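This structure is a prediction, so every number in the text was calculated from the model and none was measured.
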Amino acid sequence: MLPEALKNMFEKPATEGYPANRGDVFPNMRGKLNFEADKCVGCKLCSRDCPTGALTIEKIGDKQFKAVLRLDKCIYCGQCADSCNKSALSCTHEFELASLSQEDLKVEL
């Protein structure tokens with residue numbers, strides 16, 4: 001075990017220095033959803049097409065809607081954004097979504 005430890009002391013690390021070096025994200029990466037309430041017509045196609053039921057659309061007024069996203073259920077497949085025919089939903093590159101509290105994982109968009 002000692003030779004292995006000595007060998008690793010002088011080699012370059014195999015991992016990236018994540019917090020300091022965030023790296024690049026791919027252009028087609030699907031992260032947290034972005035919801036544009038002014039484009040939403042309340043058809044709820046996005047919530048019907050969500051395979052995990054992580055997204056719900058709620059009416060808050062006359063022709064006004066809000067999206068409620070459960071980050072702990074979402075698998076970031078992007079099906080909701082693809083099925084929205086008014087382009088009210090889109091995927092962002094935001095991927096650091098961890099939380100210590102389950103209540104923080106329910107997000108109103």
Side-chain angles (χ1 to χ4, degrees):
M1 187 161 117
L2 185 60
E4 188 70 26
L6 290 174
K7 183 179 95 173
N8 287 331
M9 284 179 55
F10 299 106
E11 286 184 353
K12 187 177 174 182
T15 59
E16 298 286 329
Y18 168 64
N21 181 13
R22 298 229 188 267
D24 298 328
V25 293
F26 295 103
N28 294 333
M29 188 199 133
R30 297 182 209 135
K32 185 179 176 183
L33 289 176
N34 182 33
F35 178 67
E36 296 180 41
D38 56 330
K39 292 183 178 180
C40 183
V41 293
C43 65
K44 299 184 182 180
L45 280 174
C46 53
S47 61
R48 279 185 261 157
D49 285 347
C50 181
T52 60
L55 181 69
T56 56
I57 302 294
E58 297 177 0
K59 187 172 186 172
I60 56 173
D62 189 35
K63 296 183 182 181
Q64 293 180 339
F65 303 93
K66 71 175 179 178
V68 178
L69 177 64
R70 298 283 313 264
L71 294 173
D72 54 343
K73 289 185 177 182
C74 185
I75 57 173
Y76 305 98
C77 63
Q79 183 62 42
C80 55
D82 292 341
S83 65
C84 183
N85 48 356
K86 296 295 182 182
S87 299
L89 286 168
S90 60
C91 295
T92 65
H93 291 149
E94 186 179 349
F95 63 92
E96 295 173 324
L97 305 172
S99 175
L100 296 175
S101 170
Q102 192 170 10
E103 292 85 29
D104 294 340
L105 296 174
K106 185 176 181 180
V107 179
E108 293 183 4
L109 303 173

Quiz item: Does CG belonging to N28 count more than 12 external heavy atoms closer than 6.0 Å?
Solution: no
Practice problem: Looking only at non-hydrogen atoms, find the nearest pair between L105 and L97 and report the distance. | Solution: CD2-O, 3.8 Å
Quiz item: Same cluster or not: are Y76 and L33 linked, directly or through other Ile, Leu, Val, Met, Phe, Trp or Tyr residues, by side-chain heavy atoms under 4.5 angstrom apart?
Solution: yes
Self-check item: Point-to-point distance, once rounded to the nearest 0.5 Å, from CG of L69 to CG of N34
Solution: 11.5 Å
Quiz item: Less than 4.5 Å apart, any side-chain heavy atom of R70 and any of Q102?
Solution: yes
Quiz item: Taking all non-hydrogen atoms of both residues, which atom of C50 and which atom of L55 are closest, and how far apart?
Solution: SG-N, 4.0 Å
Exercise. Give me the other members of the hydrophobic cluster that L2 sits in, counting Ile, Leu, Val, Met, Phe, Trp and Tyr linked by side-chain heavy atoms under 4.5 Å, directly or via other members.
Key: L6, M9, F10
Quiz item: Atom CZ of F65 and atom CZ of F35: how far apart are they, to the nearest 0.5 Å?
Solution: 8.5 Å
Exercise. Answer yes or no: is there a donor N or O on one side and an acceptor on the other, between the side chain of H93 and the main chain of G31, under 3.5 Å?
Key: no
Quiz item: What's the spacing between K106 NZ and S99 OG if we round to 0.5 Å?
Solution: 14.5 Å
Quiz item: Could you give the distance from CD (Q64) to CG (D38), rounded to the nearest 0.5 Å?
Solution: 10.5 Å
Quiz item: Can you tell me if T92 uses its side chain to pair, donor with acceptor, with the backbone of K32 under 3.5 Å?
Solution: yes
Side-chain donor-acceptor pairs of residues 80-91 under 3.5 Å, sequence neighbours excluded:
unit_1 : atom_1 : unit_2 : atom_2 : d
S83    : OG     : D49    : OD2    : 3.3
S83    : OG     : Q79    : O      : 3.2
S83    : OG     : C80    : O      : 3.2

Quiz item: So, for C40 and I57, which heavy atoms are closest and what is the spacing to 0.1 Å?
Solution: SG-CG2, 4.3 Å
Exercise. Assess whether atom CD of E96 is packed by more than 12 heavy atoms of other residues, nucleotides or ligands within 6.0 Å.
Key: yes
